[in-house]
K.L.:
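I'd like to ask you about the structure that follows.
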Amino acid sequence: MSCFMITTPASAATVFWEPLTYFNADTWAKADGYSNGGMFNCTWRANNISFTSGGQLRLALTSPAYNTFDGAELRSVYKYGYGKYEVNMMPAKNTGIVSSFFTYTGPSDGNPWDEIDIEFLGKDTTKVQFNYFTNGVGGHEKVVNLGFDASQGYHIYAFDWQPGSIKWYVDGVLKHTATSNIPTHAGKIMMNIWNGTGVDSWLGAYNGANPLYAYYDFVKYTSN
């Protein structure tokens with residue numbers, strides 16, 4: 001079985017741990033057949049989500065036709081609130097793209113847009129970008145030097161979301177803390193890879209290189 005949920009007494013934490021060795025439809029959903037528009041220059045395709053023989057999730061960015069691109073996005077079925085979110089992942093390297101791990105809820109869920117991000121800009125995978133949105137208001141980007149190339153191996157990235165703060169970690173080391181206008185609405189756990197358009201100053205210009213892959217070894221959520 002791929003997903004483990006451990007529920008302990010009311011005073012203790014609930015732990016959701018997903019080794020990501022195969023697609024578990026009870027806990028995950030694949031985005032398929034639509035585009036987010038705006039800066040997203042791709043269509044989500046369920047077929048771009050696969051699992052390696054070694055037991056890792058693989059999200060692909062591909063091109064089925066000239067100047068047409070398909071990305072991949074996996075999201076949890078359920079929403080999760082305050083607690084610690086961890087992912088062991090290896091992003092893709094290439095200018096103009098993003099590999100991510102984040103929580104999200106918004107109007108499609110009947111909520112304001114609340115989001116907490118761990119994003120890798122493929123133009124420089126020696127850095128990671130942290131960000132968050134509260135009721136659609138962002139502008140909290142923080143770029144952190146990693147001291148290694150994230151695209152060359154697995155590392156654990158995490159954020160601890162509490163009512164008054166968000167703390168981001170890399171391999172267990174605290175890298176950034178935010179305390180202003182913190183999100184309040186539970187969100188879905190999400191992972192994706194996509195190429196941008198019209199945001200070259202942020203991502204760099206996408207050069208059409210494909211296929212590109214982001215890999216995820218496990219996801220873990222521990223409630224308060």
Side-chain angles (χ1 to χ4, degrees), residues 11-16 31 36-40 73-76 78-89 91 96-148 150 155-194 196-204 214 216 219-224:
S11 61
T14 296
V15 177
F16 165 67
N36 286 26
M39 68 184 72
F40 292 80
E73 180 174 270
L74 189 70
R75 62 184 67 183
S76 65
Y78 302 106
K79 299 184 188 72
Y80 301 87
Y82 297 124
K84 189 171 185 179
Y85 296 76
E86 301 172 77
V87 64
N88 191 22
M89 67 175 287
I97 69 162
V98 175
S99 310
S100 72
F101 173 78
F102 62 107
T103 57
Y104 170 82
T105 190
S108 59
D109 299 320
N111 290 325
W113 173 12
D114 279 7
E115 179 175 335
I116 303 173
D117 299 310
I118 296 173
E119 297 175 304
F120 295 90
L121 313 187
K123 68 180 182 181
D124 187 356
T125 48
T126 67
K127 298 180 175 68
V128 62
Q129 177 176 284
F130 306 134
N131 195 16
Y132 64 99
F133 293 81
T134 303
N135 196 18
V137 178
H140 306 289
E141 294 89 349
K142 174 67 175 181
V143 177
V144 172
N145 289 309
L146 293 168
F148 57 82
H155 293 268
I156 298 175
Y157 307 92
F159 57 84
D160 188 0
W161 172 35
Q162 301 298 328
S165 67
I166 308 168
K167 295 182 177 181
W168 285 266
Y169 297 83
V170 176
D171 290 330
V173 178
L174 179 63
K175 294 295 185 179
H176 179 57
T177 301
T179 58
S180 174
N181 196 26
I182 300 302
T184 59
H185 294 85
K188 294 179 179 178
I189 299 171
M190 307 183 72
M191 295 161 277
N192 62 28
I193 184 172
W194 53 278
T197 182
V199 284
D200 292 1
S201 61
W202 178 38
L203 302 184
Y216 301 77
V219 168
K220 183 179 180 182
Y221 163 73
T222 308
S223 69
N224 282 357

K.L.:
On a heavy-atom basis, which atom in Gly204 and which in Lys123 lie closest, and how many Å separate them?
P.N.:
N-CD, 4.1 Å

K.L.:
With a 4.5 Å cut-off on side-chain heavy atoms, are Lys79 and Asn111 touching?
P.N.:
yes

K.L.:
For Lys175, look at atom NZ and say whether over 12 heavy atoms of other residues, nucleotides or ligands are found less than 6.0 Å away.
P.N.:
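Yes - once you tally the heavy atoms of other residues, nucleotides and ligands closer than 6.0 Å, there are more than 12.
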
K.L.:
If I compare all heavy atoms of Arg75 with all of Ala31, which pair ends up nearest, and what's the gap?
P.N.:
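Scanning both residues completely, I find the closest heavy atoms to be NH2-CB, 4.1 Å.
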
K.L.:
Can you find a pair of side-chain heavy atoms, one from Lys127 and one from Leu121, that are under 4.5 Å apart?
P.N.:
no

K.L.:
Is there side-chain contact between Met191 and Phe101, with heavy atoms separated by less than 4.5 Å?
P.N.:
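Side-chain contact under 4.5 Å: yes.
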
K.L.:
What are the two closest heavy atoms between Asp117 and Phe102, and how far apart are they?
P.N.:
OD1-CB, 3.3 Å

K.L.:
Considering all heavy atoms of both residues, which atom of Glu86 and which atom of Ala158 are nearest to each other, and what is their separation?
P.N.:
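Taking Glu86 first and Ala158 second, the nearest heavy atoms are CG-CB, 3.7 Å.
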
K.L.:
From Ile116 CD1 over to His140 NE2, what is the distance, rounded to the nearest 0.5 angstrom?
P.N.:
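Spacing of CD1 (Ile116) from NE2 (His140) equals 11.0 Å.
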
K.L.:
Who are the side chain to side chain donor-acceptor pair (under 3.5 Å) partners of Asp171, not counting sequence neighbours?
P.N.:
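Per chain and number, Asp171 pairs via side chain to side chain donor-acceptor pair (under 3.5 Å) with His155.
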
K.L.:
Roughly how far apart are Asn181 CG and Phe133 CZ, rounded to 0.5 Å?
P.N.:
12.0 Å

K.L.:
Using 0.5 Å steps for rounding, measure from the CH2 atom of Trp194 to the CD atom of Glu73.
P.N.:
11.0 Å

K.L.:
Go through the steps for Thr126 and Leu146 under the test side chain to side chain contact (heavy atoms under 4.5 Å, CB included), then give the verdict.
P.N.:
CA-CA 6 Å; Thr126 67; Leu146 293 168; 5.5 Å; no

K.L.:
Minimum heavy-atom separation for Asp114 to Thr134, with atom names?
P.N.:
OD1-CA, 3.5 Å

K.L.:
In Å, rounded to the nearest 0.5 Å, how long is the span from CG of Leu74 to CE of Met190?
P.N.:
9.0 Å

K.L.:
What do the steps show when you test Val128 against Val143 for side chain to side chain contact (heavy atoms under 4.5 Å, CB included), and what is the final call?
P.N.:
CA-CA 6 Å; Val128 62; Val143 177; over 6 Å; no

K.L.:
Do Phe130 and Ile118 have side chains that get closer than 4.5 Å, going by heavy atoms?
P.N.:
yes

K.L.:
Could you give me the CA-CA distance, side-chain angles and deciding distance for Tyr169 and Ile156, then say whether side chain to side chain contact (heavy atoms under 4.5 Å, CB included) is met?
P.N.:
CA-CA 8 Å; Tyr169 297 83; Ile156 298 175; over 6 Å; no

K.L.:
Please state whether the rings of Phe159 and Trp168 are parallel, tilted or perpendicular, taking 30° and 60° as the class boundaries.
P.N.:
tilted

K.L.:
Are Asp109 and His185 close enough that some pair of their side-chain heavy atoms sits under 4.5 Å apart?
P.N.:
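A side-chain contact under 4.5 Å is absent here.
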
K.L.:
Look at the side chain of Thr14 and the backbone N and O of Ser223, then say whether any donor-acceptor pair between them is shorter than 3.5 Å.
P.N.:
no

K.L.:
Atom CG in Asn131, atom NE2 in His176: separation rounded to 0.5 Å?
P.N.:
8.5 Å

K.L.:
What I want to check is whether the side chains of Gln162 and Asp160 have a donor and an acceptor closer together than 3.5 Å.
P.N.:
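The criterion, which ignores hydrogens and geometry beyond distance, is satisfied for Asp160 and Gln162.
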
K.L.:
Quick one: does Tyr132's side chain get under 4.5 Å of Ser180's, heavy atoms only?
P.N.:
yes

K.L.:
Quick one: list whatever passes side chain to side chain donor-acceptor pair (under 3.5 Å) with Glu141, sequence neighbours left out.
P.N.:
none

K.L.:
When the ring planes of Phe120 and Tyr157 are compared, do they come out parallel, tilted or perpendicular, using 30° and 60° as the limits?
P.N.:
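Answer is perpendicular, since the angle exceeds 60°.
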
K.L.:
Do Val137 and Trp113 have side chains that get closer than 4.5 Å, going by heavy atoms?
P.N.:
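No. Closest side-chain heavy atoms not under 4.5 Å.
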
K.L.:
Please give me the minimum heavy-atom distance between Pro183 and Ile166, naming the atom from each residue.
P.N.:
CD-CD1, 3.9 Å

K.L.:
Measuring centre to centre across the rings, with the benzene-like ring taken for any Trp, is Tyr80 within less than 6.0 Å of Phe16?
P.N.:
yes

K.L.:
Can Glu115 and Tyr104 be said to form a side chain to side chain contact (heavy atoms under 4.5 Å, CB included), step by step?
P.N.:
CA-CA 4 Å; Glu115 179 175 335; Tyr104 170 82; 3.6 Å; yes

K.L.:
For Tyr82, is the OH atom crowded, meaning more than 12 foreign heavy atoms sit under 6.0 Å from it?
P.N.:
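Yes - once you tally the heavy atoms of other residues, nucleotides and ligands closer than 6.0 Å, there are more than 12.
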
K.L.:
Hey, could you give me the CZ/OG1 distance between Phe40 and Thr197, rounded to the nearest 0.5 Å?
P.N.:
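Going from the CZ atom of Phe40 to the OG1 atom of Thr197 covers 12.0 Å.
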
